[in-house]
J.: 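My questions all concern the structure below.
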Amino acid sequence: MCRSSRGRVQAVVSELFDEKIDIIRWSPNVSQFVAESLSPAKSASVAINEDKKSCYVLVPDNQLSLAIGKSGQNVRLAARLTGWRIDIRSESQAARAMFQKAEDEIAAESGILRLSVRPARRLPWRWLCPVAKAQP
């Protein structure tokens, strides 16, 4: 019989043929439970939508890839564990989205038509050839 929690964990790991496991704290608070399930990544904030059973998680920019994991495995396992749909964004992505939304609202209120122009370096080369051959 195991006396310490380390001994109990080691017993489980040996039963699973040395498969690596993560142990997280369960919490009745959904936002805390979701944040724990994404560990070792640190969550900046977790917003819960009870109706859709989904949550929106903000993580620092340097923690985004850790929270998502290789091929999305970490977030997929966290969603399966918690039973909630998890949407993860970095703080800079969230800031850009808020800025874009504010820009759109201002444009809509003032009646200005907003045009999106792609920089020339992102256009396919065949589109640039006629432009380069054009005479002034």
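By convention here, the first residue in the shown sequence is residue 1.
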J.: Look at the side chain of S43 and the backbone N and O of S45, then say whether any donor-acceptor pair between them is shorter than 3.5 Å.
T.: no
J.: Supply the atom-to-atom distance E36 CD to T82 OG1, rounded to the nearest 0.5 angstrom.
T.: 12.5 Å
J.: Between the side chain of R76 and the main-chain N/O of S71, is any donor-acceptor distance below 3.5 Å?
T.: yes
J.: Return the SG to CZ distance between C55 and F33, rounded to the nearest 0.5 Å.
T.: 11.0 Å
J.: Are L81 and V59 connected into the same hydrophobic cluster when the rule is that any two of I, L, V, M, F, W, Y join if their side-chain heavy atoms are below 4.5 Å apart?
T.: no
J.: Given the rule that I, L, V, M, F, W and Y join up when any side-chain heavy atoms are under 4.5 Å apart, are L58 and V46 in one cluster?
T.: no
J.: Side chain to side chain donor-acceptor pair (under 3.5 Å) between N29 and S27: does it pass, once the steps are laid out?
T.: CA-CA 5 Å; N29 180 349; S27 173; 5.3 Å; no
J.: How long is the span from the CG atom in N62 to the NZ atom in K42, to the nearest 0.5 Å?
T.: 11.5 Å
J.: Please tell me whether V75 and I48 are part of a single hydrophobic cluster in this structure, the criterion being side-chain heavy atoms less than 4.5 Å apart.
T.: yes
J.: NZ/K53 to CZ/R85 distance, rounded to the nearest 0.5 angstrom?
T.: 14.0 Å
J.: Hydrophobic clustering (ILVMFWY, side-chain heavy atoms < 4.5 Å, transitive) - are L64 and I86 grouped together?
T.: yes
J.: In Å, rounded to the nearest 0.5 Å, how long is the span from CD1 of I68 to CD of Q63?
T.: 11.5 Å
J.: What heavy-atom pair brings L38 and A78 nearest, and what distance separates the two atoms?
T.: CD2-CB, 3.7 Å
J.: Considering residues, nucleotides and ligands other than E105, do more than 12 of their heavy atoms fall under 6.0 Å from its CD?
T.: yes
J.: State, to 0.1 Å, how close S39 and I24 come at their nearest heavy-atom pair, and which atoms those are.
T.: OG-CG2, 3.8 Å
J.: Measuring only between side-chain heavy atoms, which start at C-beta, is R89 closer than 4.5 Å to D87?
T.: yes
J.: Does some side-chain heavy atom of E50 sit less than 4.5 Å from a side-chain heavy atom of W84?
T.: yes
J.: Between M98 and Y56, is there shared hydrophobic-cluster membership here, with clusters defined by ILVMFWY side-chain heavy atoms closer than 4.5 Å?
T.: no
J.: Looking at S90, is its backbone amide N or carbonyl O close enough to the side chain of Q93 to form a donor-acceptor pair, meaning the two atoms are under 3.5 Å apart?
T.: yes
